[in-house]
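Just so you know, ligand 1 is whichever comes first in the structure, and atom 1 is the first atom listed for that ligand. These numbers come from the heavy atoms of this one structure, side chains and all, not from hydrogens, waters or symmetry mates.
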Amino acid sequence: MEAADKVQVLTAVTSAGWDTHLIQALRSAPGRFTVARRCVDLADLLGAAGAGLGQVALVSGDLRRLDRDALDVIRRAKVGVVGVQPPGDAVADRERLSALGIRHHVPVDADPAELAAAVLDAIATVEGGAHASELPARTIAAAGGFGDAPGSSGAARPADDAVDPLDFVERGGQGGQVIAVWGPYGAPGRTTLATNVAMELATLGTSTMLVDADTYGASVAEVLGLLDDAPGLAGAARVANQGRLDAIALARYARRITPQLHVLTGIARPARWTELRPAALDAVWALTRSVAEATVVDCGFCLEEDEAMMFDTEVPRRNGATLSTIQTADVVLAVGSSDPVGLGRLVRGLGDLRELVPDISALNVVVNRVRRSVAGAGPEKQIGVAMERYAGVRPAAYVPDDPAALDGALVSGRTLAEIAPRSPARLAILDLSRRLAGLDTSAPGRRRSLARLRRP
Ligand SMILES: Nc1ncnc2c1ncn2[C@@H]1O[C@H](COP(=O)(O)OP(=O)(O)OP(=O)(O)O)[C@@H](O)[C@H]1O
Ligand SMILES: [Mg+2]
């Protein structure tokens with residue numbers, strides 16, 4: 001049965017043990033249930049309900065800030081609510097939840113049939129929502145998700161053995177650097193640059209963790225030909241949020257591409273963006289800094305600080321992942337397309353970026369898809385002059401437009417180094433990566449080494 005055909009359940013119960021018990025009970029319950037989201041707190045639950053990810057929420061009485069207002073928001077999202085009572089304190093807890101208006105209750109150790117009945121009853125009583133008799137009515141797809149299904153493109157990368165935590169532990173070191181790859185709206189090549197820089201750094205001997213933190217359209221898994229992949233970053237962030245992220249946990253969520261390159265894949269369903277919370281990501285970066293010399297992060301395009309204004313309580317911000325990653329990063333690669341529209345967006349975006357990255361030396365502009373047809377003869381020079389005039393910076397790198405190599409990489413699910421090692425785009429990215437790694441490749445007269453992995 002497709003996940004989308006099942007009753008989508010959200011859980012927001014604070015004790016991890018309960019959570020596990022409920023999930024097991026749901027799995028063996030008669031009927032068709034799937035846990036669409038294990039929410040880490042009330043804000044997460046409100047986000048998931050608002051995004052249409054679930055039809056019913058299991059909540060515990062000790063969920064912080066759970067009140068009538070919050071329950072009202074959940075009901076308006078047409079999500080039923082079932083209160084979950086602890087073994088010892090069931091009566092008082094039930095009374096408290098009833099006082100908030102919750103009508104359906106189960107003990108935390110409910111048997112599967114009892115749990116299933118409460119869930120279906122709660123859904124059936126949601127005004128205007130999906131009726132038990134017409135279940136399943138709402139699907140994740142209907143909520144606008146892309147589905148976690150991997151792309152059809154490319155040959156699958158052979159499944160690696162489980163990642164050995166020693167892969168990480170033995171790296172030692174605490175001073176790994178975070179490289180955020182950002183670019184404005186319009187697909188300028190963030191993922192292309194992030195995946196290829198990561199592969200180049202790894203091939204140069206730098207232990208590298210590639211992370212897809214794009215909350216609008218994660219695609220690293222597809223680009224690398226990783227099929228049937230659960231979003232590793234969401235898993236790592238969830239564990240980090242519980243304060244339990246260590247090398248062993250990280251090994252569960254990371255995939256190995258080469259001995260020096262691991263990847264935490266992103267949320268293919270953009271509606272799951274609430275899972276990538278800045279506080280949890282900060283903990284992920286703290287760990288990846290200690291297990292990899294470079295953490296390369298594919299960020300979303302949007303730098304606006306928006307949703308926080310809509311509520312007076314703390315709520316997830318969709319762009320929070322990008323903003324906090326950029327603020328934490330030691331190096332930011334800002335990539336833009338070389339055409340006039342792309343350059344204009346890049347120049348405006350750099351203005352916003354400078355507020356997040358006060359150390360201008362950490363900011364490196366990469367102009368992608370450079371070609372004569374849009375920038376004239378000697379396009380690098382023309383673009384360099386324009387960027388200097390309008391943004392006050394000289395690009396650190398120019399990557400030529402190279403559809404043959406990039407299309408070949410996409411359809412085979414491989415990086416340029418793997419399938420088009422002599423292509424112009426690859427050579428430009430290799431050169432940039434060598435400078436990022438602090439390797440002095442400069443022949444006399446060439447650009448000075450950036451050595452950006454050591455921020456001045
Ligand atoms: N230098 C290049 N030459 C030719 N094609 C390129 C080049 N760089 C990127 N592309 C192609 O442009 C498309 C968009 O690239 P990419 O997915 O990296 O952009 P993005 O900024 O990550 O976009 P999104 O907003 O989807 O995350 C892809 O098909 C990619 O293969
Ligand atoms: Mg992308």
For Asp431 and Tyr398, test the side chains for any donor-to-acceptor distance below 3.5 angstrom and give the result as yes or no.
-> no

Protein N, O or S atoms under 2.8 Å from the Mg ion (ligand 2) | 1

Neighbour count >12 (heavy atoms, 6.0 Å) for atom CZ, Arg372 | no

Set of side chain to side chain contact (heavy atoms under 4.5 Å, CB included) partners for Asp407, sequence neighbours left out = Pro403

Do Asp352 and Arg348 meet the salt-bridge criterion of a basic N to acidic O distance under 4.0 Å?
-> no

Does Tyr390 have any ring pair (Phe, Tyr, Trp, His ring centres under 6.0 Å) partners at least two apart in sequence or in another chain, and if so, which?
-> none

Show your reasoning for whether salt bridge (Lys or Arg N to Asp or Glu O under 4.0 Å) applies to Arg37 and Asp44.
-> CA-CA 9 Å; Arg37 171 82 63 86; Asp44 195 8; 2.9 Å; yes

Protein residues near ligand 1, heavy-atom distance below 4.0 Å?
-> Ala187, Pro188, Gly189, Arg190, Thr191, Thr192, Asp214, Asn368, Arg369, Val399, Pro400, Asp401, Asp402, Pro403, Leu406, Leu410

With a 3.5 Å cut-off and no angle check, do the side chains of Ser219 and Glu222 form a donor-acceptor pair?
-> no

Taking the six-membered ring for Trp, are Phe301 and Tyr185 parallel (under 30°), tilted (30 to 60°) or perpendicular (over 60°)?
-> perpendicular

Applying salt bridge (Lys or Arg N to Asp or Glu O under 4.0 Å), run through Arg434 and Glu200 and close with a yes or a no.
-> CA-CA 8 Å; Arg434 292 181 70 95; Glu200 298 299 349; over 6 Å; no

